[in-house]
Each structure stands twice: as structure tokens, then as C-alpha cells.
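Below is one structure, written out as C-alpha cells; the observations come after it.
Numbering of ligands and ligand atoms starts at 1, following listing order. Counting begins at 1 with the first residue of the sequence.
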Amino acid sequence: MTISGYTYNEFGEKLNAYVSASQPIQSLEHLLGRSSELERIKKSLFAPGRHVFIYGERGVGKSSLAATAANQYQSADSSYIDVSCAPDATLISLIINIAYIATDLSHIKTISTSVSSKLNLRYLTLENNRVEVQSNLNDTVRTLSDAICLLKEVTEIHSERPIVVIDEFDRIHSAEERNRFADLLKQLGDKKIPIKFIFTGVGTSLKELLGSHHSAIRQLETIELSKLSWDARWEILLSAAKAFNISVEYDICVRIAAISDGYPYYVHLITEKLLWRVFEDENKVSEVSKDHFQSALRDAIAGITAELNRPYELAVNRRSIEYEAIIWATADSDYLQSSLVDMYASYKFIMKQLDESPLIYDQFSQQIRNLKKQRFGEILVSDMQRGYYTYREKMLRGYVRLQAEANNVELLGEEAKPTQKEYMKAPAKSSTGYYQSRPPKGVHFGRNRN
Ligand SMILES: Nc1ncnc2c1ncn2[C@@H]1O[C@H](COP(=O)(O)OP(=O)(O)OP(=O)(O)O)[C@@H](O)[C@H]1O
Ligand SMILES: [Mg+2]
């Protein structure tokens, strides 16, 4: 084993304290590149009656930001209340759920008689000096004002400073139910009930999630979460590598950051596979090699869920690598939308790397149009701007980039590689909240490349 001093188990455990491909981040030290958003949340939660709504693409890090912010706000006498939404969830069912979770966590679950005599409870019950949820809440909590009354009781018993995360709000199927949350927030403010909510949802606007005809916007600090900055992307990799005294050259950092397309999941996954490869290398090494990197890409692809894999397989449609190149060309840009002309330029560049002759433009555009069809995985949709395309599921672009890279094709090709080997240093924790969000020097994006 190359990483001396660690047994297999010790290595696995330590590595997974740094990488977290399958779970949201919960703590400040591992949440990278989001300090300005955290600061905004922190400030806005001081305002009585104000809550937070975090929205953005799938997988950009909404739940992680919400969990970290909630951990910061929640008083130490309890844990924050975390509820996830199911398609059939309603406002009432969620609040009942919150009551169950809160009583389980409650710091006064077992209370003294002097405290209990001060509590005037309608929905929660006191039995043998313990706070419990009434067994029949589904019958007794029916209207919005019942729900508010229940939340008031929850606020009293849960903790000094309670906060609730309502995760995946977009999953609530009924628009009517989603809209009711606007009234809830307004009334919580009017009644001065000091419980805070952080919502997360996949979407491009709050209007889409909450409906437009409400004044609740005044009760909400809205945070549109964008892709992770370049600095934060490689800080994930570098902080994990540094923990094992392994160095990573500039080139590999840039490749991983570029592949990820700003979705931290890919950086975590590739880093995890990469460091396992280093750990299992028979030779003693102190630096990640190109071979480790290539193997890690293959391991990452093998470990990726069908949700991302399946549309890609359909798009490739069992065809040869020349056809796969068409799909890679759709992901060769840092812009969310690409025009056919841009994609064709990327395609020709990729075919040059493969030493193959490209299709003519008309054939190429026909193949691109096919990618909008269901039987080709429906990976693209037409953008509002005529002649432009965008990914139906944005996170899939990262998977496409990963496939290209595993086939030794560099999307976002680097024109000017560093002349000498440069090693990246993990940037110091940003105190200003500023992270480099532009691509590093040398990374050249698809547009206008010939
Ligand atoms: N700021 C960050 N720094 C490091 N890793 C992050 C950051 N944000 C998210 N991650 C990682 O990225 C992955 C996706 O994050 P998260 O689950 O929070 O995203 P999400 O937007 O809630 O996704 P979904 O839309 O699928 O619910 C997780 O593995 C998480 O550990
Ligand atoms: Mg989430």
C-alpha cells in the first residue's frame, strides 16, 4: 500500500470524512465555495418573520447549504428539524410530520411538573411528564389555523431557536398545496411564532415553485444556487489529497474541475475513486499519476447510477465511438445552451483528437435533433433562443464529460497547458466569501473553436 500508516479500514474511514458523493454536506468545514450564500442566510434569519428558499438545478448543493445553515442557526439544545417532501405531501401532512420529529428531538421530552404546568397544549400531550404527539393529529389538524397552532406548540417544546428544513419542496405534486406555504409563512409572521423555515427545491424560479400570486416573497430570502466555482471544485479534491500527503498536479485538478461541470457530486466521486487507486497502488507514490486518474474515471463511470447512465446509453444507442463523439460535442461548453454551430465546431475538434473524419454539418445536425427524441434518451431540449439547445437534465452534462474524458478526449480543451508542472495549493478558507468562479487560464471553452 502506498499510503503508509493506514490500514484499509482506517483509510476508508478517513477518506470518507473528506468526500461525500452520496450525502449532503452537514458541516461548515466541508461546505466549500458557499460562504457568501451562508452569510446571506445567516443575516436574513435575524429578521423576525423571514425564512429562506434555496432553489437551483438538481445536484448543485441545495440540501448541503440548507443543512449547514440550519446547523449554524439551530440552538445547541436540539437538532434542527429535517423533513423531506413526497409527491402526495400536503401542508398539513408536513406539519404533522414536523410535530413528530420535533417531539422526538425535543429537549423537554421529559419535563418537570413546574414546566408542564406552564404549557398550554392542544395538540401535543403530556403523559408521565413526557411530551408526545396526540395519536389522532390526522383527525384534529385540518385547517391552516390548526396547523399554525400545532407549529406554535412545536416551537415551545422543541428548543430555544428551532429551525425546520423542508427539503425537495418541488416534489410536492399539487401546486395548490405548494401555494399554501406562502399563507403559512405570512401567518407565522403575523402571529410572531419564532420558528424558521429553510426550503429547498429544484427549479429555475420561485414563481415556478410557490406560485406567483402571493405576497410571501416578502417573507422569503431567496437564494438561487449556481454551479460550484472552480476554486471550490478543486478544493474538494485537494483537501482530501492533502489529508493523506498526496499531491495532485495542476493538470489533473483542472480536468476534474472541468469534468464536474460545477456539480460537486462528480468531484467527490472522482476524488474518492482516485484516492482508492493511489492507496491500492503497489508502488509507494506521493503524487497522483495520469494512470490513477484514468482508472478513477472508469471506476466513477462504473459506480454511477442508472438515472444518469440510462439516457446516455440510449443516446449512444449502441453505436460506435464516432457517434459517441456527437454526444460529447453537446457538453463541450461552460454555457448551459449551445447552438448547432458551436456544437459542430466542438465536434470537429473532438474528431481531430480521435483522428477520425467528421460527418458533414447536415448529417451532424440531424443527429443532434435526434437527441431530443425519447428513444435517444431525450437528453437535449430546444432552448427558448432559436437554434440553441440545452440539457434536459443539467447534471447529465457532467456524466457526458466524464465519458469523453475516460475515452481520452478532452472537452474544454486546454490550449495553453502550463509549461512546467504546477501543483495546486488548496486555497485558504475564504474569509471574504470570494472564490474564483471563472475557469482557470488555459481552459478554453467550446465556442468559436476551430
Ligand atoms: N459546497 C459544497 N462543497 C462540497 N461538496 C458539496 C457542496 N455542495 C454539495 N456538495 C456535495 O455535492 C453533492 C450534491 O449535493 P446536495 O445533495 O446538497 O445537492 P442538491 O442540490 O440538494 O441535490 P438534489 O437536487 O439531488 O437534491 C453531495 O454529495 C454533497 O456532498
Ligand atoms: Mg437535495
Side-chain angles (χ1 to χ4, degrees), residues 15-41 52-72 80 82-87 89 164-172 198-204 208-209 222-243 253 256-257 259-273 300 303-308 391-399 402 426-427 429-430 433-437:
L15 172 63
N16 284 281
Y18 285 88
V19 292
S20 162
S22 309
Q23 252 181 16
I25 303 280
Q26 297 277 334
S27 70
L28 199 54
E29 75 173 298
H30 296 298
L31 187 85
L32 304 172
R34 299 296 194 203
S35 45
S36 61
E37 288 87 351
L38 262 182
E39 193 56 29
R40 264 184 65 196
I41 297 178
V52 175
F53 205 118
I54 302 166
Y55 65 96
E57 295 296 346
R58 187 177 306 288
V60 286
K62 301 175 297 298
S63 302
S64 298
L65 177 61
T68 309
N71 270 326
Q72 274 194 317
Y80 74 88
D82 186 19
V83 283
S84 291
C85 301
V164 180
V165 173
I166 299 202
D167 207 12
E168 308 193 329
F169 184 71
D170 58 289
R171 292 190 66 211
I172 303 178
I198 301 182
F199 298 85
T200 76
V202 176
T204 49
E208 186 185 317
L209 291 161
T222 59
I223 301 205
E224 182 177 8
L225 207 57
S226 47
K227 298 199 284 191
L228 210 60
S229 71
W230 284 80
D231 274 5
R233 296 177 204 179
W234 51 58
E235 200 178 335
I236 297 173
L237 164 67
L238 291 169
S239 60
K242 201 168 143 201
C253 285
I256 294 178
I259 291 168
S260 79
D261 198 18
Y263 288 87
Y265 163 71
Y266 295 107
V267 187
H268 284 282
L269 189 68
I270 300 170
T271 302
E272 178 193 318
K273 306 293 185 195
I304 274 171
T305 59
E307 200 189 331
L308 292 166
Y391 265 71
R392 183 171 53 85
E393 182 66 82
K394 308 287 181 279
M395 208 175 152
L396 185 63
R397 279 169 28 122
Y399 183 75
L402 186 53
K429 274 269 173 313
S430 163
Y434 173 78
Y435 277 94
Q436 182 187 338
S437 58

(request) Let me see the working for R58 and E393 under side-chain contact (heavy atoms from CB on, under 4.5 Å), right down to the final yes or no. (result) CA-CA 8 Å; R58 187 177 306 288; E393 182 66 82; 3.2 Å; yes

(message) Main chain of S84, side chain of D167: is a donor-acceptor contact present, judged purely on distance under 3.5 Å?
(response) no

(request) Could you tell me whether the side chain of I256 reaches within less than 4.5 Å of the side chain of W234, counting heavy atoms only? (result) no

(message) Could you check whether R171 pairs with E168 (Lys NZ or Arg NE/NH1/NH2 to Asp/Glu carboxylate O, under 4.0 Å)?
(response) yes

(request) Look at the side chain of Y263 and the backbone N and O of K227, then say whether any donor-acceptor pair between them is shorter than 3.5 Å. (result) no

(request) Might you confirm whether atom CD of Q26 has over 12 heavy atoms from other residues, nucleotides or ligands at distances under 6.0 Å? (result) yes

(message) To the closest 0.5 Å, what do you measure between OG1 (T200) and CG (L225)?
(response) 10.0 Å

Polar pairs, ligand 1 vs protein, N/O only, below 3.5 Å.
{"unit_1": "ligand 1", "atom_1": "1 (N)", "unit_2": "L32", "atom_2": "N", "d": "3.3"}
{"unit_1": "ligand 1", "atom_1": "1 (N)", "unit_2": "L32", "atom_2": "O", "d": "2.8"}
{"unit_1": "ligand 1", "atom_1": "3 (N)", "unit_2": "L32", "atom_2": "N", "d": "3.0"}
{"unit_1": "ligand 1", "atom_1": "5 (N)", "unit_2": "H268", "atom_2": "NE2", "d": "2.7"}
{"unit_1": "ligand 1", "atom_1": "18 (O)", "unit_2": "S63", "atom_2": "N", "d": "3.4"}
{"unit_1": "ligand 1", "atom_1": "18 (O)", "unit_2": "S64", "atom_2": "N", "d": "2.8"}
{"unit_1": "ligand 1", "atom_1": "18 (O)", "unit_2": "S64", "atom_2": "OG", "d": "2.6"}
{"unit_1": "ligand 1", "atom_1": "19 (O)", "unit_2": "G61", "atom_2": "N", "d": "3.1"}
{"unit_1": "ligand 1", "atom_1": "21 (O)", "unit_2": "G59", "atom_2": "N", "d": "3.4"}
{"unit_1": "ligand 1", "atom_1": "21 (O)", "unit_2": "V60", "atom_2": "N", "d": "3.3"}
{"unit_1": "ligand 1", "atom_1": "21 (O)", "unit_2": "G61", "atom_2": "N", "d": "2.9"}
{"unit_1": "ligand 1", "atom_1": "21 (O)", "unit_2": "K62", "atom_2": "N", "d": "2.8"}
{"unit_1": "ligand 1", "atom_1": "21 (O)", "unit_2": "K62", "atom_2": "NZ", "d": "2.7"}
{"unit_1": "ligand 1", "atom_1": "22 (O)", "unit_2": "S63", "atom_2": "N", "d": "2.8"}
{"unit_1": "ligand 1", "atom_1": "22 (O)", "unit_2": "S63", "atom_2": "OG", "d": "2.8"}
{"unit_1": "ligand 1", "atom_1": "23 (O)", "unit_2": "G59", "atom_2": "N", "d": "3.1"}
{"unit_1": "ligand 1", "atom_1": "25 (O)", "unit_2": "G59", "atom_2": "N", "d": "3.0"}
{"unit_1": "ligand 1", "atom_1": "25 (O)", "unit_2": "K62", "atom_2": "NZ", "d": "2.7"}
{"unit_1": "ligand 1", "atom_1": "29 (O)", "unit_2": "S20", "atom_2": "O", "d": "2.4"}
{"unit_1": "ligand 1", "atom_1": "29 (O)", "unit_2": "A21", "atom_2": "O", "d": "3.3"}
{"unit_1": "ligand 1", "atom_1": "29 (O)", "unit_2": "Q23", "atom_2": "O", "d": "3.4"}
{"unit_1": "ligand 1", "atom_1": "31 (O)", "unit_2": "S20", "atom_2": "O", "d": "2.7"}
{"unit_1": "ligand 1", "atom_1": "31 (O)", "unit_2": "S20", "atom_2": "OG", "d": "3.2"}
{"unit_1": "ligand 1", "atom_1": "31 (O)", "unit_2": "Q23", "atom_2": "O", "d": "2.8"}

(request) For the pair F53 and F199, name the ring-plane relationship: parallel under 30°, tilted 30 to 60°, perpendicular over 60°. (result) parallel

(message) Considering the Mg ion (ligand 2), could you give the total of protein N/O/S atoms lying closer than 2.8 Å?
(response) 1

(request) Evaluate the side-chain proximity of L38 to T68: yes if any heavy-atom separation is below 4.5 Å, no if none is. (result) yes

